[in-house]
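Note sheet for the following structure.
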Protein chains: 2
Amino acid sequence: MGRPVKSERKSDPRVLVAANGRRAPEVTTDRRAQLVETAAEVFAQKGVGNTTMRDIADEAGILAGSLYHHFRSKDDLLEEVLRSALDELTVAYEKVERSELDAVSALEGLMLVGLRFVTEKEAVTSIVQNDYTYLHDMAAFSFVDDITAVHRKIWRRVLERGVREEAFRADLDLDIAYRSMMAAIVAEVRWRRGRARKPTAEVLAEKHSMFYLHGLVARGKK
Amino acid sequence: MGRPVKSERKSDPRVLVAANGRRAPEVTTDRRAQLVETAAEVFAQKGVGNTTMRDIADEAGILAGSLYHHFRSKDDLLEEVLRSALDELTVAYEKVERSELDAVSALEGLMLVGLRFVTEKEAVTSIVQNDYTYLHDMAAFSFVDDITAVHRKIWRRVLERGVREEAFRADLDLDIAYRSMMAAIVAEVRWRRGRARKPTAEVLAEKHSMFYLHGLVARGKK
DNA sequence: GTCTATAGTAGGATAGAC
DNA sequence: GTCTATCCTACTATAGAC
């Protein structure tokens, strides 16, 4: 990479086809969604900056130029990879918050949702985690920060409620708590990538909850 | 980036000058060390893949070609950036382990050392954190993993000792504990970069220790 | 929807003057 | 130790045939 790319985003091919009134949308979406999936995998594997359109095309079994029939630019393709996945995550977090569980259960719920995302969308998680600098320096990807901010607010509200309801320690530093847990969840993707034995999100959530709820120190002591 | 670069590493200018028997080593080192510092900053800011030799040269006030008088290649330069800093971190961790504190204090010590590194070497931490994929895919940078493995073993020994001495919970999952704390420490660099108010390592260590030692749950409850 | 071919650009690295 | 000039390579993106 390195060549600056301005994506201006205009029409979406799917909309055009839909307007024709033909084809099941599922099939229409297929090729495009399939390419997005492939791209996600390659971006995650090599890093966005080191991924060329040819890399993606190779993996998809076509030539680089053909990708431009589906996407306006490399950044356009990346945007589609990220936006679809992150929007799903928002919905899942919101569902936990709306469920009105007690604070401890709600936090466990958020953790499970976060870890499910990490385990089910390894590629996207890797991209967000590994290409942080790339994404943050390009105005075109500020939407990632916007979405992340929404997630943070949900977590914060649950933590605040926990303190208010005296389920969590009163002297808790909520910034530290949020940052630590989020960092740990996202970092899980680095431990599981390319590994044979991949623990399920449920197992990980159970362990993380245990760790964060009770801490390191043995109960009997102090 | 994208162009594969093989660094083979041969003579070091400093050695040659030293062999001449002239100059204070400090002054001799200066220019090179200064360039390494500058490079670290630029790599951290833009990401390794998006940093060009011209970017670094601009920041240093020279032309791109001149950098090759000091370093054999871009990767060579990056290697120097990383190796010097990470070796220092190893020494600091080892010092904590040798001090034979009780497990809780030792863990607090490791945390402080880790956070001091993050706060004092923001650039290097950012690079290791953000260009994870780049570093892991190139054989030339496997030394980063080697060094990290040494750090992990030190942390693990302290955690294991804590459990043995019954300072830490017996049912602690050491993998989760280590990963979580390390992820949180390294992630701190993302929160402080470009921020006006930067908490000191000491303040952060105090807060992280509090959080990890005691967890979220209020004592009175459960 | 994919191909061939290619324009246009930019980065890594080198050689030799100063 | 830095500069000028340049080679080589590789990537993004486009145009038009099939």
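On a predicted model such as this, the values are computed, not experimentally measured, just so you know. In the text below, chain A, chain B and the rest are named by the order of the sequence lines, each starting its count at 1.
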Any side-chain N or O of [X] under 4.0 Å from OP1/OP2 of [N]?
X	N	value
R72(A)	dT12(D)	no
R54(A)	dT12(D)	no
H69(B)	dT14(C)	no
Y68(A)	dT14(D)	no

Could you tell me how far apart [X] ([atom1]) and [N] ([atom2]) are, to the nearest whole angstrom?
X	N	atom1	atom2	value
K46(B)	dA10(C)	NZ	C1'	12 Å
D55(A)	dA13(D)	CG	C1'	16 Å
L78(B)	dG12(C)	CG	C1'	15 Å
D76(A)	dT12(D)	CG	P	14 Å
D58(A)	dT12(D)	CG	P	12 Å
M53(B)	dA10(C)	CE	C1'	15 Å
I56(B)	dG11(C)	CD1	P	12 Å
N50(B)	dA10(D)	CG	P	19 Å

Problem - Minimum-distance nucleotide to K74(A) side chain [options: dG1(C), dT2(D), dT12(D)] - result: dT12(D)
Exercise for the section: Select one nucleotide: of dT2(D), dA13(C), dG1(C), the one nearest the side-chain heavy atoms of H70(A). Expected result: dG1(C)
Handout entry: All ring-ring contact (aromatic ring centres under 6.0 Å, His included) counterparts of Y212(A), not counting sequence neighbours
Key = F211(B)
Completion exercise
Sorted by chain and number, sequence neighbours left out, ring-ring contact (aromatic ring centres under 6.0 Å, His included) with F141(B) holds for none
Distances for protein N or O near nucleotides 3-5 of chain D N or O, under 3.5 Å:
unit_1, atom_1, unit_2, atom_2, d
dC3(D), OP2, L63(B), N, 2.6
dC3(D), OP2, S66(B), OG, 3.2

Problem - By side-chain hydrogen bond (donor to acceptor under 3.5 Å, both in side chains) - contacts of E108(B) (at least two apart) - result: none
Distance-only check: which donor-acceptor pairs under 3.5 Å involve side-chain atoms of residues 110-124 of chain A, not counting sequence neighbours?
unit_1, atom_1, unit_2, atom_2, d
R116(A), NE, E202(A), OE2, 3.1
R116(A), NH2, E202(A), OE2, 2.9
T119(A), OG1, L115(A), O, 3.0
T119(A), OG1, R116(A), O, 3.0
K121(A), NZ, E88(A), OE1, 3.0
K121(A), NZ, E88(A), OE2, 3.1
E122(A), OE1, K198(A), NZ, 3.3
E122(A), OE2, R192(A), NE, 3.3
E122(A), OE2, K198(A), NZ, 2.9

Practice task
Check whether any side-chain heavy atom of K153(A) sits under 4.5 Å from a side-chain heavy atom of R157(A), and report yes or no.
Solution key: yes
Exercise for the section: Taking atom CD of E59(B) as the centre, report whether more than 12 heavy atoms of other residues, nucleotides or ligands fall under 6.0 Å from it. Expected result: no
Problem - Listed partners of D173(B) passing side-chain contact (heavy atoms from CB on, under 4.5 Å), at least two apart - result: K207(A), D175(B), I176(B)
Problem - Partners meeting side-chain contact (heavy atoms from CB on, under 4.5 Å) with L174(A) (sequence neighbours left out) - result: R156(A), L159(A), E160(A), V163(A), L172(A)
Exercise for the section: Determine the stems involving DNA chain C; a stem requires 3 or more consecutive pairs of the Watson-Crick or G-U wobble kind, each with both distances below 3.5 Å, and the answer is none if no such run exists. Expected result: C:1-18 with D:1-18
Problem - Sequence-distant partners of E37(B), salt bridge (charged side-chain N to carboxylate O under 4.0 Å, His left out), two or more places apart - result: none
